[in-house]
Visitor: 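I have a structure here, written as structure tokens, and I will follow up with some questions on it.
Sequence positions, counted from 1, serve as the residue numbers for this chain. Counting starts at 1 for both ligands and their atoms, following the listed order.
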Amino acid sequence: MTAEYSSAQLRVLKGLEPVRTRPGMYIGSTGPKGLHHLVYEVVDNSVDEALAGYCSTILVQINADGSVTVTDNGRGIPTDIHPDTGVSGVETVMTVLHAGGKFGDGGYKVSGGLHGVGVSVVNALSEWLEVTVWRNGFAHYQRYERGVPVTPLEKRPDREERRGTSVTFFPDRQIFTETIEFDAKVLMTRLRELAYLNAGIHINFQDLRVTPPLRETFCYEGGIREYVRYMVQEKEPLHPEIIYIQGEKNEVQVEVALQWCADAYSENLLGFANNIRTIDGGTHMEGLKAVLTRTLNALGRKRNKLKENDPNLAGENIREGLTAIIS
Ligand code: 0RA
């Protein structure tokens, strides 16, 4: 091994050291939740590629040995030398914290794992990780152990004219001391959600630990409208058509899907920002509720011809407004 190569390895080690020292800061925890976030982090890179318009299909596999593979048919991680790091784009993405967005193609990151920390964090917390990039008629392969490259980026001709990226990683037992076993149900729930949130994207899932393998496909052309239909499948809708609103302002895209159901005592309102569930509400949720209340109130007031400012009548007005919408 050349002196140059080992000093490069030392640099990688130091660069990713904070991740291995305080994994919780990057993935939330080192329990099952943090473990599953490794998968989401890799998948989110592929979802970003899909949102940028370059990738249509993502395959997530739990392999028989317990590792996970995420494959997409996007442009592939750049393989040429990155000017800032002096190593390939692949190695840069895999070994430099937050390097994902630093490719100056103006491709803003839309998706994000729990903390949107980038795939280098997954690499740092994996016993081993292998990446293959198909680009321009070549397959490029590199292997890492605990974040450190143990092979150069190997390039061989690829007969197929395929494009894309495949990442396989095995979580580090030294970090995830509680468990390194992936739960297919947990992964499928998030993959289904991602497919609903990103209309038209194909997400395939396979669990190869069981015989016969478990296979699922998630693709929803109707996006969040279909999500709402899925959410109300056991309820009694008050109106047949799901209300759907879409718009953009100040480069912020907004999408809303709503359906009122006969069960008046519970509301199930889910909010997301950039594909991430916002469990504590937030201005996007407060704003939506305020607009809904104001609109329904005004509509009901008009129909009821009730007095403008009587707070006792607000509920009555809203009910009447809703009647106007669903009738
Ligand atoms: C940086 C720049 C480009 C693509 C990607 C990253 C990329 C990363 C991942 C991770 C998983 N799948 C991915 N696919 C693409 C743009 C490359 C170009 O301009 O050709």
Visitor: Counting heavy atoms only, name the option from Val43, Asp72, Thr92, Val119 that's nearest to atom 12 (N) of ligand 1.
Guide: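 The nearest heavy atom belongs to Asp72.
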
Visitor: Group every Ile, Leu, Val, Met, Phe, Trp and Tyr by side-chain heavy-atom contacts under 4.5 Å, then state whether Phe176 and Met25 land in the same group.
Guide: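 Same cluster: Phe176 reaches Met25 through Ile, Leu, Val, Met, Phe, Trp or Tyr contacts under 4.5 Å.
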
Visitor: Can you label the angle between the Tyr230 ring and the Tyr196 ring as parallel, tilted or perpendicular, going by 30° and 60°?
Guide: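 Aromatic pair Tyr230/Tyr196 classed tilted.
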
Visitor: Considering only heavy atoms of Asn45, which atoms of ligand 1 have at least one such atom less than 4.0 Å away?
Guide: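 It comes down to these atoms of ligand 1: 10 (C), 11 (C).
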
Visitor: Are Thr79 and Ser88 close enough that a side-chain donor and a side-chain acceptor fall under 3.5 Å?
Guide: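 Distance-only check fails for Thr79 and Ser88.
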
Visitor: Pick one: which of Glu130, Glu154, Lys155 meets side chain to side chain donor-acceptor pair (under 3.5 Å) with Tyr141?
Guide: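 Among Glu130, Glu154, Lys155, the one meeting side chain to side chain donor-acceptor pair (under 3.5 Å) with Tyr141 is Glu130.
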
Visitor: Answer with side chain, backbone, both or neither: which part of Arg135 has a heavy atom less than 4.0 angstrom from an atom of ligand 1?
Guide: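 For Arg135, the contact with ligand 1 is made by the side chain alone.
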
